[in-house]
Amino acid sequence: MNNFLFAAAENDAIANCKAGGMGDVVRDVPRQIAESGDRVHVAVPSYGRLHQGQDFITTLNFELRGLNYTAELYQVKPKKTIQNIHHYVIHHPEIEAGGIAHIYHDDPEEPFFTDAIKYFIFCTAVAEAVKQEVFGELNIIHLHDWHSSLLLFLREYHLRYENLKKIRFVYSIHNLAIQGIRPFENNYSSVRNWFPDVRYDEESLLDYRYPDCINLMAVGIRFADAVHTVSPSYKEDVMKPSDPPQFIGGEGLEKDLQQANKEERLFGILNGCNYKNVNVEEKGHIYRNTVKALFKWLQEESKKYKADFLAHTGEKIMQYVGTRPKFIVSSVARLTEQKFYFFKRSPEAFVEILQKLEKVDGIFILLGTGAPEYEELFREMSYKHKNFIFTNGQSESLIDSMYLESDLYFMPSLFEPCGISQMLSMRNGNPCLVHHTGGLIDTVKHMKTGFGFGGDKYDEKIADMLATFDLALDVFVNDKPTWKKIQANAKKARFTWQKSVNAYYSKLYQL
C-alpha cells in the first residue's frame, strides 16, 4: 500500500475549507487514490477555526524567526468518511482566517504579506510532522499552488528537513497567475526574517521581475520531481509568454516551465468531475431557491450594505415564479478579472447580449461574489436591465438549480487552467458557451458539446463572442434537433477522476 500526503490551502472534503477549484481537487483526488487501494493524508491550515471540536493528535515543535514555535495537529471529521483517507488541520495563532472565504487575506499594499506568514508556519509544521512520521512512512507528497511550495524550499535548504529528499514531491499548478512573491529580506514577511539560519541560493529562488524577492510559485516549478498543470491545453499555454489581454500564458515563468518540460517533469492532466452520488435539486425550484437565498443573505450582518440591492433582486425574480422565461443563460463564478474581464472592459458587449436575450424572452442569471469593482458593475447592470438577475452571494442549492435548469451556461474566462463549472453544467445536459482557452479547449467542443469563441486580438474575441452567442440562440430557436443533439452530447461527456488519477499514477507519481 502506497502512502500519500496532500498539503494545500483548501480541502472541500471538510466543512468550510473551500474558496475555489483547488478545494474540489483536494477533495476528489484522495477519494480516487483510496479507491485504488492506497492511503492518503490531507493537511490544511486551521485558519483559527477548523480545529475547534476536532481530535487533537500531537504538538509540533520547530524553529522560526530564531524562536521556538509550537503548532497543534488535529484530525478532522470529514463531510463523508472514506476508508484510508485521513484529514488534518494545523493550528497556530498566527495562521489566521482571511476575508476571502475565511481563508485568504487580501493585502492591497503588500500582496501576500499576511498569507506568506501563515503558509511559512503551516509548511514548516507539515515538514516537522513528516520528520516525526506522524503520517507514517510516505511515498508521495503532493503540493498544491504556492501556499505549500515552501516545503520544497525546506527540502532543498533546511538541514533539519533533509529527510524530505527521500520522498517524491509532486506540484500541481491550479492558477499560475497567483505566485506568492515576497522579499528575501528587510521585511517582517520575508524569507530572511522567518528562516534567519537557513543558507539558500537566491538565484534559484528569485522572481525574474523582482530579483530581490522569492517567487514561491517558481519554487514549486523549479524543485518538484513532477509539475502538473490541470489540463493539457493549459500546459501548452503556460510555456508561452503572456500578452494580456490577448493571451495569458506563463505569467513570467514560461522559461521555468519550458525547462521542466525539457527535463520531462511537466505534465498536463485534465481535472476530473464527480459523476457518483450527485446532490441534485428538484427541477422547477430555481426561483424558489433564489428567493430563499436572498432572504438568508438579508439577515447576514456582512450583507447589510447590500440590502436594497438584494430586495431589488427579489422583486425582479418574483415575475418569473409563475411564468418561466423561454431561455435562461447562467453563470456561476468568483467575480474577478480572470472570469469576467471581457464584461468589465466591454460592458457594451454584455448589454448587447442582454438585448439579444430580450428579443427571445430570455434572461441572464449571474451568481457570485468577488472584487468590489466587479460586484458594483453587475449591480449597476441589474438596476438598468430587467432581464439580468444578479444574485450577489453564495448558495449551493441555488448553484445546483442553475446548473440543472439553465439552457446555456456562459463562461467567458480570460484564461482557464481547467475549470469545473463547465463540467458540472455539461453533467446536467446544459451546453456551455466558453472562451476557447486552457481547459475549456479540452472540455467544450464547438457545435458538438457546446459553443466556443476565440480570436487573436481583443476586438476579434469580443466580436466572435457576440457572433457565437447569436449562433447559440439561432440553434436553440430555429434548429431544435441540433440543439438536442448538443445537449445529449454534453450530458454524455465524461471527465472522470478515475482516468485522471490513472494518469497521475503513471506520470506524476510513477508508481
Side-chain angles (χ1 to χ4, degrees), residues 283-291 293-294 308-333 335 339-368 374-392 398-399 401-413 421 425 430-435 450-453 459 461-480 482-484 486-487:
K283 203 151 192 177
H285 284 197
I286 185 169
Y287 307 114
R288 184 187 303 181
N289 284 338
T290 303
V291 173
L294 289 166
D308 289 348
F309 177 72
L310 294 172
H312 156 78
T313 306
E315 183 183 18
K316 287 176 78 170
I317 205 73
M318 286 306 294
Q319 65 185 304
Y320 300 113
V321 171
T323 309
R324 178 191 161 99
K326 291 189 171 66
F327 192 74
I328 301 175
V329 180
S330 71
S331 196
V332 175
L335 308 180
K339 301 293 185 180
F340 292 108
Y341 176 83
F342 294 136
F343 288 174
K344 181 78 164 60
R345 177 168 165 177
S346 303
E348 71 282 355
F350 185 48
V351 170
E352 196 171 327
I353 285 169
L354 295 175
Q355 290 169 342
K356 292 172 190 290
L357 279 170
E358 201 167 5
K359 290 176 185 175
V360 298
D361 187 21
I363 66 171
F364 195 122
I365 305 178
L366 169 63
L367 180 145
Y374 280 84
E375 290 197 355
E376 187 178 341
L377 167 72
F378 290 125
R379 284 198 294 268
E380 286 178 9
M381 288 281 193
S382 182
Y383 280 121
K384 290 176 184 173
H385 301 277
K386 65 181 182 181
N387 67 334
F388 175 47
I389 312 295
F390 176 36
T391 48
N392 192 191
L398 178 52
I399 290 169
S401 285
M402 289 170 68
Y403 285 136
L404 182 65
E405 298 191 48
S406 300
D407 297 296
L408 181 71
Y409 188 81
F410 205 112
M411 203 164 171
S413 307
S421 296
S425 191
N430 182 357
C432 301
L433 194 161
V434 304
H435 179 209
F451 305 88
F453 70 90
D459 290 344
K461 290 179 188 291
I462 294 297
D464 198 37
M465 178 177 75
L466 294 172
T468 306
F469 191 81
D470 280 339
L471 172 64
L473 273 184
D474 183 59
V475 173
F476 178 81
V477 173
N478 300 313
D479 189 355
K480 289 295 185 191
T482 298
W483 184 266
K484 286 179 179 175
I486 291 171
Q487 280 184 308

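All values derive from a computational prediction rather than experimental measurement.
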query = Do I363 and L357 pass the side-chain contact (heavy atoms from CB on, under 4.5 Å) test, and can you show the C-alpha distance, the side-chain angles, and the key distance before you say yes or no?
reply = CA-CA 6 Å; I363 66 171; L357 279 170; over 6 Å; no
Can you give each donor-acceptor pair under 3.5 Å made by side-chain atoms of residues 340-352, sequence neighbours left out, with the distance rounded to 0.1 Å?
| from | atom 1 | to | atom 2 | distance (Å) |
| --- | --- | --- | --- | --- |
| Y341 | OH | R345 | NH1 | 3.1 |
| S346 | OG | Y458 | OH | 2.6 |

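- Within the 4.5 Å cutoff, side-chain heavy atoms of S331 are placed close to those of F364.
- Nearest heavy atoms, P325 versus I328: CG-CG1, 3.9 Å.
- With K316 contributing its side chain and H385 its backbone, the two residues share a donor-acceptor pair below 3.5 Å.
- Not counting sequence neighbours, the partners of D361 by the salt bridge (Lys or Arg N to Asp or Glu O under 4.0 Å) test are K326.
- Rounding to the nearest 0.5 Å places OG1 of T290 at 7.5 Å from CE of M402.
- For N392 (side chain) and G368 (main-chain N/O), a donor-acceptor pair under 3.5 Å exists by modelled atom type.
- For K283, the side-chain contact (heavy atoms from CB on, under 4.5 Å) partners are L404, E405, not counting sequence neighbours.
- Sequence neighbours left out, not one pair with a member in residues 380-389 passes salt bridge (Lys or Arg N to Asp or Glu O under 4.0 Å).
- Taking the six-membered ring where the residue is Trp, the centroids of F469 and F453 are separated by 6.0 Å or more.
- Using a distance-only test at 3.5 Å, with no hydrogens or angles considered, a donor-acceptor pair links the side chain of N387 to the main chain of L354.
- A ring pair (Phe, Tyr, Trp, His ring centres under 6.0 Å) with H312 is found for one member of Y383, F388, F390 and no other, namely Y383.
- Across all non-hydrogen atoms, the minimal contact from V434 to C432 is CG1-CB, 3.8 Å.
- Within the model, atoms NZ of K359 and CZ of F327 stand 15.0 Å from one another, a figure rounded to the nearest 0.5 Å.
- Smallest separation of non-hydrogen atoms from H435 and P412: CB-C, 4.1 Å.
- More than 12 heavy-atom neighbours from other residues, nucleotides or ligands sit within 6.0 angstrom of CZ on R379.
- Residues passing the side-chain contact (heavy atoms from CB on, under 4.5 Å) test with S421 are Y403, Y409, M411, sequence neighbours excluded.
- Annotation: side chain of F410 is not in contact with side chain of L366 (no heavy-atom distance under 4.5 Å).
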query = I486 and F451: side-chain contact (heavy atoms from CB on, under 4.5 Å), yes or no, with the steps?
reply = CA-CA 9 Å; I486 291 171; F451 305 88; 3.8 Å; yes
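- By the 4.5 Å heavy-atom criterion applied to side chains, I286 and I365 are counted as neighbours.
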request  = Kindly indicate, with the supporting measurements, whether the criterion side-chain contact (heavy atoms from CB on, under 4.5 Å) is fulfilled by L408 and W483.
outcome  = CA-CA 11 Å; L408 181 71; W483 184 266; 4.2 Å; yes
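- Evaluation of the side-chain hydrogen bond (donor to acceptor under 3.5 Å, both in side chains) test over residues 464-473, restricted to residues two or more places apart or in two chains, returns K356-D470.
- Side-chain contact between T391 and T313 is present, with at least one heavy-atom pair separated by less than 4.5 Å.
- Contact record, N430 with S406: ND2-CB, 3.3 Å, taken as the closest heavy-atom pair.
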query = Does the side-chain contact (heavy atoms from CB on, under 4.5 Å) test come out yes or no for I353 and M465, once each step is laid out?
reply = CA-CA 10 Å; I353 285 169; M465 178 177 75; 4.3 Å; yes
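- Taking the six-membered ring for Trp and thresholds of 30 and 60 degrees, Y374 and F378 have ring planes inclined between 30 and 60 degrees apart.
- In this structure, I389 CD1 and S330 OG are separated by 12.5 Å, a value rounded to the nearest 0.5 Å.
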